[in-house]
Amino acid sequence: MQIIDGKKVAESIQDQIAQVVSWRKSAGKKIPHLAAVLVGNDGGSETYVKNKVAACQRVGFRSTLLRFPDTITEGELLNVVEDLNQNPEIDGFIVQLPLPKTISEERINLAIDPRKDVDGFHPVSLGKMMLNQPTFLPATPYGIMQLLDFYQIKTEGKKCVVMGRSNIVGTPMSILMARNAHNANCTVTLTHSRTQNLKAETLQADILIVALGKPEFVKADMVKEGAVVIDVGTTRVPDASKPKGFVLKGDVDFEAVAPKCSFITPVPGGVGPMTITSLLKNTLLAVEMNGEAF
Ligand code: NAP
């Protein structure tokens with residue numbers, strides 16, 4: 001069994017990005033510039049955005065953080081998005097979710113110029129992904145594809161079971177694994193809360209990708225011997241003995257499942273570090289494609 005070290009892979013890819021940035025600097029080309037929009041004071045969102053800005057600095061990108069109180073109206077936020085769409089300095093931007101209930105996440109997402117949609121959540125990006133055209137891929141599924149690639153895990157012809165069908169993880173993941181593309185070509189089953197006899201499905205998986213948000217849901221008797229297990233789940237479980245007052249739990253019962261696997265991602269340190277790395281890769285793609293129709 002081999003543990004997939006997402007931190008190591010993320011560092012290695014970020015080093016490559018830093019080299020490209022330093023080459024761009026010396027060649028007098030534009031330095032990639034990512035903007036992040038943060039509304040309100042949600043603890044999780046603050047941490048994610050802070051980490052994204054820090055990652056930009058690490059690789060030499062420019063970054064701008066725009067903060068707004070949760071009293072901002074949808075119209076005001078749409079104006080912010082439009083300003084970012086029009087600003088030639090900004091290559092890509094993200095609007096950190098969740099947004100206050102008074103604002104439609106769908107309308108905000110639709111307002112983002114697809115050429116700057118480095119989160120890859122816009123319908124244009126998702127449509128191009130489906131059609132196997134060059135585009136921004138949603139960060140977490142993209143990160144998982146890079147992990148599989150880095151560890152040279154064979155995917156072609158394999159049976160892949162994806163657990164969870166969210167728009168940002170499970171559904172795009174299932175499409176990427178099924179595409180006729182390098183390190184994909186799997187036969188994919190997408191499962192969700194209405195799936196009957198879930199265990200019969202998961203036991204078929206050569207590659208099992210779990211994105212439920214249910215701590216330690218996947219037990220050893222649900223996993224085939226020799227499977228590759230990718231755990232996307234990150235749930236803060238209260239633990240008074242820890243300095244932060246919680247521990248981060250994945251969706252897989254790691255201790256019990258790991259001995260059966262050929263490869264497995266830990267939580268933390270597996271998929272998580274790759275999500276930000278994908279955002280950086282998408283921002284680099286944005287600056288490289290700047291001005292071109294794609
Ligand atoms: P989500 O939107 O809450 O979706 C959860 C999915 O799990 C839904 O499709 C749901 O089915 C399915 N599900 C729930 N209970 C189930 C059950 N008993 N059996 C089978 N399927 C079940 O979640 P998400 O946004 O994809 O996130 C999933 C987890 O990944 C969370 O812990 C999140 O924090 C984590 N995450 C991590 C990263 C990272 O960078 N590491 C990034 C994104 C998300 P229905 O559709 O039928 O309701």
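Both ligands and their constituent atoms are indexed starting at 1 by order of listing.
Salt bridge annotation for Glu288-Lys29: absent, with no cationic side-chain nitrogen under 4.0 angstrom from a carboxylate oxygen. A salt bridge is defined here as a Lys NZ or Arg NE, NH1 or NH2 lying under 4.0 Å from an Asp or Glu carboxylate O, and Asp221 with Lys219 fails to meet this definition. Salt-bridge check for Lys7 with Glu11: passed, with a basic side-chain N closer than 4.0 Å to an acidic carboxylate O. Salt-bridge formation is not detected for the pair Lys116/Asp91: no Lys NZ or Arg NE/NH1/NH2 atom is positioned less than 4.0 Å from an Asp or Glu carboxylate oxygen.
At under 3.5 Å, not a single nitrogen or oxygen of Asp251, backbone or side chain, sits near a nitrogen or oxygen of ligand 1. At least one N or O atom of Ser166 sits closer than 3.5 Å to an N or O atom of ligand 1. Ligand 1 has no N or O atom lying under 3.5 Å from any N or O atom of Arg194, backbone or side chain.
Distances shorter than 4.0 angstrom do not occur between any heavy atom of Thr195 and any atom of ligand 1. Under the 4.0 angstrom criterion for non-hydrogen atoms, Gly170 is not in contact with ligand 1.
Here the rule is side chain to side chain contact (heavy atoms under 4.5 Å, CB included) with Ile108, and of Val39, Val80, Leu97, Leu99 only Leu99 fits it. Exactly one of Leu65, Leu38, Thr283, Ile276 qualifies for a side chain to side chain contact (heavy atoms under 4.5 Å, CB included) with Lys52. That residue is Ile276. Among Glu225, Lys224, Met1, the one residue that satisfies the side chain to side chain contact (heavy atoms under 4.5 Å, CB included) test with Cys261 is Met1. Residue Thr265 is tested with Leu147, Ile3, Asp5, Val210 for a side chain to side chain contact (heavy atoms under 4.5 Å, CB included); the sole match is Leu147.
Close approach of ligand 1 to Leu212 is summarised as follows: ligand atoms under 4.0 Å from at least one heavy atom of the residue are 5 (C), 7 (O), 12 (C), 13 (N), 21 (N), 22 (C), 28 (C). Numbered from 1 in the order shown, with element, the atoms of ligand 1 that lie under 4.0 Å from a heavy atom of Gly272 read 40 (O), 41 (N). Against a heavy-atom cut-off of under 4.0 Å, Gly213 is close to the following atoms of ligand 1: 28 (C), 29 (C), 31 (C), 32 (O). Listed by number with element, the atoms of ligand 1 under 4.0 Å from a non-hydrogen atom of Thr275 are 39 (C), 40 (O). Interface of Phe217 with ligand 1, defined as ligand atoms under 4.0 Å from a residue heavy atom, comprises 17 (C), 18 (N), 19 (N).
The presence of a protein heavy atom under 4.0 Å from atom 27 (O) of ligand 1 is ruled out.
At a heavy-atom distance under 4.0 Å, only side-chain atoms of Lys214, from C-beta outward, approach ligand 1.
With respect to atom 21 (N) of ligand 1, the closest heavy atom belonging to the protein is His192 C, 3.1 Å. The nearest heavy-atom contact from the protein to atom 9 (O) of ligand 1 is Arg165 N, 2.8 Å. Remark: minimum distance from atom 42 (C) of ligand 1 to any protein heavy atom is reached at Thr140 OG1, 3.2 Å.
By heavy-atom distance, the residue among Ser193, Gly44, Ala139 lying nearest atom 11 (O) of ligand 1 is Ser193. Between Val218, Thr234, Leu198, Val267, it is Thr234 that holds the heavy atom closest to atom 32 (O) of ligand 1. Counting only non-hydrogen atoms, the option in Val169, Val232, Asp231 that gets closest to atom 35 (C) of ligand 1 is Val232.
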Problem - salt bridge (charged side-chain N to carboxylate O under 4.0 Å, His left out) assessment of Arg62 paired with Glu89 - result: CA-CA 10 Å; Arg62 291 175 63 201; Glu89 285 297 311; 2.8 Å; yes
Exercise for the section: I would like to know whether Ile4 and Ile153 meet side-chain contact (heavy atoms from CB on, under 4.5 Å); could you show each step before the answer? Expected result: CA-CA 11 Å; Ile4 293 178; Ile153 291 168; 4.0 Å; yes
Problem - Step-by-step side-chain contact (heavy atoms from CB on, under 4.5 Å) determination, Phe93 to Leu66 - result: CA-CA 10 Å; Phe93 65 96; Leu66 300 170; over 6 Å; no
